Structure formats: structure tokens, C-alpha cells
Amino acid sequence: QTEIYLAGLSGVVPSLPMSFADLERRAEQALPPGTWSYVAGGAGDEHTQRSNRTAFDHWGLVPRMLRARTDRDLSVELFGTTFPTPVFLAPIGVIGICTQDGHGDLATARASAATGVPMVASTLSQDPLEDVASELGETPGFFQLYCPTDPEVAASLVQRAEAAGYRGIVVTLDTWVTGWRPRDLATSNFPQLRGRCLATYFSDPVFRSRLEKSPEDDPGTAILTWATMFGRPLVWDDLAWLRSLTTLPMVVKGVCHPDDARRAVDEGIDGIYVSTHGGRQANGGLAAIDCLAEVAAAVPDVPVLFDSGVRSGSDVVKALALGATAVGIGRPYAYGAALAGTAGVVHVLRTILAEADLLMAVDGYPTIADLGPDAIRRT
Ligand code: FNR
């Protein structure tokens, strides 16, 4: 903020957007229409997607006075690592379609390295998971798994992630089938089906062993083979097997019911990730933020990650007050990548974090530990 105001004194105004509304408008202008629909769109009539946003308005933070501190601390601990801030980059499989050079995964990883904000790298990346990991620098990352039907391919992906230095595995549970997405159906725009997000698969030795011809020689068959094995219909009985694939911390993504959260932790899962996938998978559901407090209360013994609808620093602070350990940024950083690659992602993260920090300062919550249930009211 100070940086921007000081530059303003010399007549320099920021070239990148300062509000989410402006960011969204400019990203829509920057991206081809089909790409925009794919990234911005959601399931059904997008009711859940809208609710993810509007539900934040039902929550209000309570200002507390005479607690001003200049040594504010936004750091959080996740699975034994201390991160400087409570936000992370949610997995966005097709981030490569948002950047001009197609290497959105690498651009995002560089933004993670530059800011210390950890990245959850998606299974569906346009660069192999090892290449993404090598751009993360000193910032530990996490690997997100869409669990394939072929158990040996699943094991291979997890073992590669472990070998590449990722510090945890995030298993997404809500996407074993793809949601009903009218915008994509209308444009037949599903980037994965053109193989643009399959670099991690195509470089996988076990996946390759399932093909008669290499993905380089016969990409069409490789894409079809991927499509037939994309989503394992996971049930509770699979959890022990999944857990056995790695000693890394394992988080399950897409959990919105406290009983599911509790059972997953009781069965060996190390963290719970509350998310409605940004309203892309199921429509007609509750807003993710409205599920958070109950889930967090059910699993006080593990970290709780959260995403869906976070657009600003105040959204981050509200999610923390409702029990999140760390808060995921999704579409906003994809829009930042669309406007300016790594610099755009860094800009989005910095604006959200600056707002969160200033809000915590003004409202008298100098550390995240101060942000308990008493800091927030349902209005
Ligand atoms: C996603 N998301 C997602 N999640 C996941 O577990 N693996 C993935 O590969 C993807 N891919 C993906 C692509 C695109 C274009 C979007 C917008 C989202 C979901 C993502 O991690 C997160 O849950 C949502 O983005 C959160 O919602 P908002 O805040 O972006 O609206």
C-alpha cells in the first residue's frame, strides 16, 4: 500500500487491477472466449458458484479497539512447515491455458517462490510435476491428486510427487466425474480432452506402459486412455490404500460435512480441505464458507484448508475466523496469470495479503491466533 501511494506521488499509477471486479473484467478481455468460459464458468446455472461469493456477505468481522500492534504476524504452520502467510495457491489444472506461452504452471510456481505462498500443483498440468517442483525454490509445495482408476498409475504419480520434494498430497474427492457445465458443453471446450493439461500423465512411466504407442507418436489414443482412467469412484474403503501410498501428509479436498471430515481424520488423513471446487462440480449446494465452521469444529486436531469464493483480504480473514488454518486463492490468480504471468499472480497475492494485513490491523487482530469465533458474527 505504502509502495503504491509513494509511487502515486510521482504520478505512477498501478498498471494491474486493484480490485477483484477490475481484475475479472480485464481477464475476460485478455482471454479467448472459450478459455474465459472454461475458467470463469461453473456447474449448472452456477448457483453454487454465486453462493460461494454472496455467502461471504452474511458474515461480518467484529472490530476490536486499543489493540494496535505494528508487529503483526500472519504466519501459519502447516504440517511442520511455517509459512509467512495464511494463503495458498489452490490447484488449477488448466492454468497453462491462461498464459500466452502455455507454461502457466511454471509461472505460478515462480510466483510461489517469489512470495513464499505455497502452491498446490494440479495433476492436470501442462508441465510435468517435476518441472513445476523445480521452480518452487525455497517454498515447499503440495501435489494435488485426481486419483485414476488404475492403482499403479495413482501410486506412480504419488511416488513421483514425493521424489520431487512436494510436502504433502491433496486428494480431490469431488471430481471422479466431471460436473454438468453448460458453458463448456455449449462450446465443447474441455482443454484436457485436447491433451493440453496432460504433461504429468504423458511423462509418467506407468501410464506410458499402458499405451501401445507413445503419447508423442499417438496423442489421440493417449488422451482417450487418460480419459478412460481419469477418475476412480473413491469410497471409504479406498482410504487405507490411498494412505498407504505415501508417508507424506495427506489432505482430502472437497469435504463439506463434519462427519466426513471426522471419519477421514479417524482413518488416517492428516488434513481436511473444505471446498466446493468453486462451484464447478456440483450445483445447488451450500456455499463453502457456510460449511467451514462446522467442519473445523469437528476436526480441531488437524489443519483445515479452505477455498471457494475467496476474492479479497477480508474474505481471507473471515475464513480464518471461521476456523480455516490456511485459505486457498483460485480464480483470482488465474486471472492475474492471464494478465501478466508470474507478475500477475504475484500482484494478486500481494493485494489480497496487503488487504488482509491492514484489516487485521484496523480490526485489532494482530495475529491469526487472535481470530477466533468471537471475531466474526453471522449477520
Ligand atoms: C479448478 N480447481 C481444481 N481443483 C483441483 O483439485 N484440481 C484441479 O486440477 C482443478 N482445476 C481447476 C481449474 C479451474 C479453471 C478452476 C477455476 C478451478 C478448483 C480449485 O482448486 C478451487 O477449488 C476453486 O478454484 C475455488 O473456487 P474459486 O475461489 O476459484 O471460485
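Because the structure is a prediction, the values reported are computed rather than measured. Ligands are counted one by one from 1 in listed order, and the atoms in each one are counted from 1 as well.
A salt bridge between R160 and D204 is present, with a side-chain N of the basic residue lying under 4.0 Å from a carboxylate O of the acidic one. A salt bridge links R262 with D266: the closest approach of a Lys/Arg side-chain nitrogen to an acidic carboxylate oxygen falls below 4.0 angstrom.
Here the OG1-CD1 distance, from T228 to I223, works out to 12.0 Å after rounding to the nearest 0.5 Å.
With sequence neighbours excluded, the residues satisfying side chain to side chain contact (heavy atoms under 4.5 Å, CB included) with D357 are R72, L74.
No more than 12 heavy-atom neighbours from other residues, nucleotides or ligands sit within 6.0 angstrom of CD on E294.
For the ring pair (Phe, Tyr, Trp, His ring centres under 6.0 Å) with F88, the lone residue among F79, Y333, F306, Y273 that qualifies is Y273.
The immediate protein surroundings of ligand 1, defined as residues with any heavy atom under 4.0 Å of it, consist of V39, A90, P91, I92, G93, V94, S122, Q144, Y146, T172, K253, S275, H277, G278, R280, D307, S308, G309, V310, R311, G330, R331.
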